[in-house]
2 protein chains.
Amino acid sequence: MTTTEGASVQLDHLVPPKEMEAVRQTSADTCTDSISLSSSPSCKEKEPFFTVRTMKGDVRETGTPDTLDDAWVSGRRGDMIRLTGKHPFNAEPPMTALMENFHTPQELLYVRNHGDAPQLDAATHKCKVGSLVSRPLELSLEDVKRFPPSSVTMTQICVGNRRKEQNQIKQGLGFNWGPTGVGTITYTGALMADILDAAGVLPEDGVGEERWLEGVGADETLRNGAYGTGLPLWRCMDRSLQVLLAYEINGEPLSVDHGFPFRIVAPGIIGGRFVKWVKTLDVVEGHPKNHWHWHDNKVLPPGVEVSNVGKEGWWQRPEYIIMDMNVNGAILSPHATEIVKPQKSGDGVGTVTMKGYAYSGGGHRILRAEVSTDGGLNWKLARHTDQLKSPTGRCWTWTFWEADVEVQTDRETVVCFRAQDDAMNIMPDVPTWNLLGMMNNAWYRIMLRPSGSPGELEAVHTLWATENDPIHPANVHARVPAGKGTGEAKEPPSHQLQVKNENRMETRGMRMSSACEASSFSASLQQWIPSAAQREVLRKVAVLSGVAVCTVGVLEGVEVLRGGRGVFFGRT
Amino acid sequence: MTTTEGASVQLDHLVPPKEMEAVRQTSADTCTDSISLSSSPSCKEKEPFFTVRTMKGDVRETGTPDTLDDAWVSGRRGDMIRLTGKHPFNAEPPMTALMENFHTPQELLYVRNHGDAPQLDAATHKCKVGSLVSRPLELSLEDVKRFPPSSVTMTQICVGNRRKEQNQIKQGLGFNWGPTGVGTITYTGALMADILDAAGVLPEDGVGEERWLEGVGADETLRNGAYGTGLPLWRCMDRSLQVLLAYEINGEPLSVDHGFPFRIVAPGIIGGRFVKWVKTLDVVEGHPKNHWHWHDNKVLPPGVEVSNVGKEGWWQRPEYIIMDMNVNGAILSPHATEIVKPQKSGDGVGTVTMKGYAYSGGGHRILRAEVSTDGGLNWKLARHTDQLKSPTGRCWTWTFWEADVEVQTDRETVVCFRAQDDAMNIMPDVPTWNLLGMMNNAWYRIMLRPSGSPGELEAVHTLWATENDPIHPANVHARVPAGKGTGEAKEPPSHQLQVKNENRMETRGMRMSSACEASSFSASLQQWIPSAAQREVLRKVAVLSGVAVCTVGVLEGVEVLRGGRGVFFGRT
């Protein structure tokens with residue numbers, strides 16, 4: 001795990017802030033505050049720095065300037081919807097823009113930055129390829145370009161795409177992505193298998209754990225070290241799966257927000273594994289140790305909540321690490337709040353042409369895109385675009401669909417959308433809530449209702465629905481987990497098979513010592529947290545950031561938490 | 001398409017018998033008749049022969065002898081549940097037997113025979129490998145064994161596993177599989193890639209259609225030609241996917257019912273592609289032409305029914321051809337009708353240990369096995385066995401799960417089971433009905449209710465539930481399609497991509513001439529259908545068999561239909 005400046009101590013065991021749940025339940029306003037702490041460049045090294053996820057991500061903040069940290073970044077479109085306030089840059093395109101092109105322009109592709117975008121010089125930045133290889137490499141952009149170039153057109157998703165609908169059921173630990181955390185682009189780069197062949201992956205001895213390729217970026221200002229995660233090595237070595245170290249999108253160099261000079265790309269797999277600004281590539285035995293590999297990109301069982309995720313050790317369980325994208329889709333036209341005029345097709349009935357996208361993961365093709373206006377009793381097949389196939393028959397791209405839908409003109413109509421892929425994966429009726437709000441793929445619902453003007457209907461999307469609307473997730477089905485936990489039984493069943501390396505989770509960095517080293521902080525704490533006001537802001541940060549905050553000890557009755565570039569304290 | 005003896009004419013367009021729906025609606029008894037027409041071996045060549053699917057497959061016919069056609073087959077277990085009457089042999093094991101072993105004994109593995117099991121001599125039977133290859137081969141069993149042997153432990157499913165639950169909603173075109181059309185075995189054989197390399201697949205010219213490997217068996221007595229179907233060629237050439245021409249199960253030679261001397265095996269893919277008794281392997285351009293490739297192993301949209309499947313051309317559409325197994329599972333203990341004594345755990349509450357299996361396709365691992373006793377509001381995580389991983393990280397096997405479930409002792413409790421795989425595919429709450437009743441993977445429900453004896457509960461499974469029981473599919477949700485059709489819009493959307501070879505369905509044998517050639521039958525018809533009684537039986541057969549019956553013309557006001565070894569007529 002990368003250590004951060006200003007915090008030389010070991011991480012202690014991971015505990016989410018205890019008051020988090022209480023804060024959520026008692027103060028919705030607190031949760032929707034957008035808090036961004038940044039420091040001037042001159043004192044960057046000295047002061048604590050922290051960025052937060054907000055709960056109010058669906059409000060577009062027009063005209064908000066970038067923080068100083070990202071102020072050097074150019075080319076960000078003003079109409080991208082910022083989901084976490086000013087900083088970091090987490091953004092999705094407007095519904096109205098996403099479907100203008102089947103291939104998404106780079107600047108319209110959603111961005112997920114965990115912190116500052118690192119300012120890298122292509123002439124000097126190198127990626128080290130190492131660990132279980134016989135010929136460690138240091139690759140500049142020019143070096144990577146010397147490998148035979150490979151291009152793949154693919155749909156890339158944020159695992160949080162459509163997360164807001166999960167947060168509408170119950171607030172989880174992530175910020176509110178709408179339905180446009182997705183795009184389809186053509187990446188060009190070197191095949192990872194070529195790079196690994198050049199580095200010479202050491203032969204396996206047959207007794208070690210399954211191997212992974214760990215990639216870590218240059219965004220080293222994050223509170224838990226640079227963002228990094230892994231892919232199973234076999235996926236990287238299988239040329240038919242087209243895993244790349246990519247340096248171009250749509251024929252252009254990667255923009256800063258998409259990982260200049262290069263990023264990992266793995267078609268059919270969640271975007272969370274597409275490490276940007278790659279600084280190291282390591283062939284490792286067993287899962288990578290990087291913090292983010294364990295604390296992000298997981299779908300935990302619905303009974304796992306803030307209250308038990310840490311104490312029951314759920315972060316340390318590798319089986320919930322997700323890889324393939326799932327089947328998903330949305331209605332984007334009519335967009336949220338759009339006023340439409342249905343074509344009259346009968347008494348009190350009209351027709352509205354609806355459009356949207358659908359995709360799946362793992363190379364699967366969309367088999368059916370369907371809409372229903374009777375709650376799923378009957379489905380109308382939408383027409384949809386063919387999907388490009390890779391040379392080995394995989395479909396890595398989305399499909400655009402279109403359907404003429406008959407709706408009521410004098411009262412509300414709920415329209416449900418679902419897709420099914422060729423492996424029979426189907427978008428489920430109801431979401432299954434999960435703590436990180438990931439991979440939400442329940443039927444996409446919109447409502448059309450009389451706007452007040454004759455002949456016009458107003459479109460309401462689920463994620464902008466209020467609790468009074470029938471399509472609000474809490475009203476679709478009463479399937480909000482009642483907080484009973486998972487009821488998990490841990491003993492193996494009688495037919496337990498002992499399989500090599502399964503369920504080994506006691507990895508370095510994950511099973512941390514519980515010994516407190518609070519005393520080592522006492523001197524620097526006064527410097528880091530100069531005022532009571534700043535301490536209060538930091539407390540809010542701790543509460544809001546949730547997942548990634550670590551307790552490092554208790555000092556004079558104050559729980560000491562650790563942030564990105566320093567230490568701050570939580571509740572007294 | 002293979003032509004059958006006694007029918008030298010071209011097939012006409014495919015039309016399901018028009019009266020089929022009416023018969024179903026008016027005469028449930030007719031549908032449950034088990035009709036098996038067979039002839040004595042001596043006149044086998046001369047008389048029409050036909051085998052049918054029955055609608056009453058869940059009734060075990062104890063002690064029914066094999067027909068003469070299969071009388072030579074030995075080793076069939078008496079406790080296998082026969083689903084289509086005496087013949088052909090379609091059988092699944094009892095619930096109580098399937099989970100005795102993680103590895104299913106060969107004789108307990110479900111069997112799906114479309115007709116007679118062919119009696120092949122390993123010394124003389126050969127498989128021809130041909131078409132787009134440079135070195136056509138003829139392989140005996142000994143030849144196949146000369147390739148380096150490869151073994152793979154895998155779960156194999158019948159695509160109809162759990163079909164009865166779909167038929168409970170509305171009778172489709174398939175017979176009633178329960179939840180044991182599945183097993184886990186170790187196959188050993190030659191890698192298909194090795195065989196194809198030996199045959200020398202011709203280089204692609206880049207302009208042809210996607211290539212497939214078509215396998216056809218030796219069961220040539222079927223009404224539509226020997227059973228055959230295809231796999232995309234790339235899957236067969238990718239050694240990591242372990243497609244085999246297998247000659248052993250669990251270290252034993254294949255039994256007759258599993259394809260002696262060899263069959264195609266493709267881990268993670270539906271059993272319907274595992275052609276038995278392989279006689280030819282052909283590398284072809286575009287989809288194979290075999291009847292069964294188009295008329296079986298499809299999941300059609302829910303609005304496609306008997307009334308529109310033929311006239312709207314659904315059989316000719318390749319996009320509904322299914323490949324990967326989907327995520328599925330069941331509760332097998334307590335088994336259907338079992339009386340259990342819950343461990344008392346409170347007032348009016350007791351605990352019952354439940355067991356079952358779960359699997360997924362495409363190499364995906366089961367992530368969660370869960371039970372709910374409150375209709376899906378809360379889920380209890382079952383403990384489950386680890387899953388074996390292939391050398392390239394794929395999970396080809398099922399998992400056995402176990403959970404202690406709290407139930408009511410004084411009134412009924414409905415227990416729902418669902419599983420999710422690591423690609424986020426989750427068993428849906430409610431089935432989506434499809435005409436062939438395939439891939440049904442809705443939550444598996446059982447009900448425990450007081451048996452009448454103190455302290456005892458009776459288990460009822462969905463597939464044995466009556467319409468008065470809450471777990472009957474028709475009562476779970478009113479999601480029975482209302483027969484409105486698919487409402488499909490056929491024009492392409494504005495973003496239509498022209499992708500090479502997609503949606504080309506005008507393949508030989510599939511786009512048949514609509515010209516009737518009834519006159520050519522007139523001479524032989526009298527010979528083939530000697531009596532009015534036999535004609536009546538044949539009519540029923542035509543009605544029951546549905547899918548595979550073809551109209552070949554109209555003769556003297558009688559619609560002429562074509563069966564396996566001859567021609568018979570349908571309604572006047």
Practice item. Sort A:Pro232 into side chain, backbone, both or neither according to what part of it lies under 4.5 angstrom from a heavy atom of chain B. Key: neither
**Study point:** Taking every non-hydrogen atom, the tightest pair across B:Leu367 and A:Val299
**Key:** CD2-O, 4.5 Å
Review point. Is it the backbone or the side chain of A:Leu300 that comes under 4.5 Å from a heavy atom of chain B, or both, or neither?
Key: backbone
Review point. For A:Ile321, is it the side chain, the backbone, both or neither that has a heavy atom under 4.5 Å from a heavy atom of chain B?
Key: backbone
Revision key, fill the gap. Most heavy-atom pairs under 4.5 Å with chain B, out of A:Glu370, A:His364, A:Met325, A:Met323, belong to A:His364
**Study point:** Separation between CG of B:Asn326 and CG of A:Asp421, rounded to the nearest 0.5 Å
**Key:** 9.5 Å
Practice item. Could you check B:Asn441 against A:Met424 for side-chain contact (heavy atoms from CB on, under 4.5 Å), going step by step and ending with a plain yes or no? Key: CA-CA 9 Å; B:Asn441 70 339; A:Met424 299 295 104; 5.7 Å; no
Review point. For the candidates A:Ile270, A:Ile426, A:Thr432, which exhibits the highest count of non-hydrogen atom pairs separated by less than 4.5 Å from chain B?
Key: A:Thr432
Exercise for review: With the side chain counted from C-beta on, respond yes when A:Pro302 and B:Arg368 share a heavy-atom pair under 4.5 Å apart, and no when they do not.
Suggested key: yes
Check your understanding: Side chain, backbone, both or neither: which part of A:Arg211 has a non-hydrogen atom closer than 4.5 Å to chain B?
Key -> neither
**Study point:** From B:Trp234 atom CH2 to A:Arg394 atom CZ, the distance as rounded to the nearest 0.5 Å
**Key:** 3.5 Å
Check your understanding: With a 4.5 Å limit on heavy-atom distance, are the side chains of B:Pro428 and A:Asp429 in contact?
Key -> no
Review point. Rounded to the nearest 0.5 Å, how far apart are CD of B:Gln420 and CG of A:Asn434?
Key: 8.5 Å
Exercise for review: Not counting sequence neighbours, which residues clear salt bridge (charged side-chain N to carboxylate O under 4.0 Å, His left out) with A:Asp324? List them please.
Suggested key: A:Arg235
Practice item. Applying salt bridge (charged side-chain N to carboxylate O under 4.0 Å, His left out), name anything that partners A:Arg273, two or more places apart in sequence or on another chain. Key: none
Study note, to complete from the structure: Honestly, the part of A:Ser240 sitting under 4.5 Å from a heavy atom of chain B is side chain
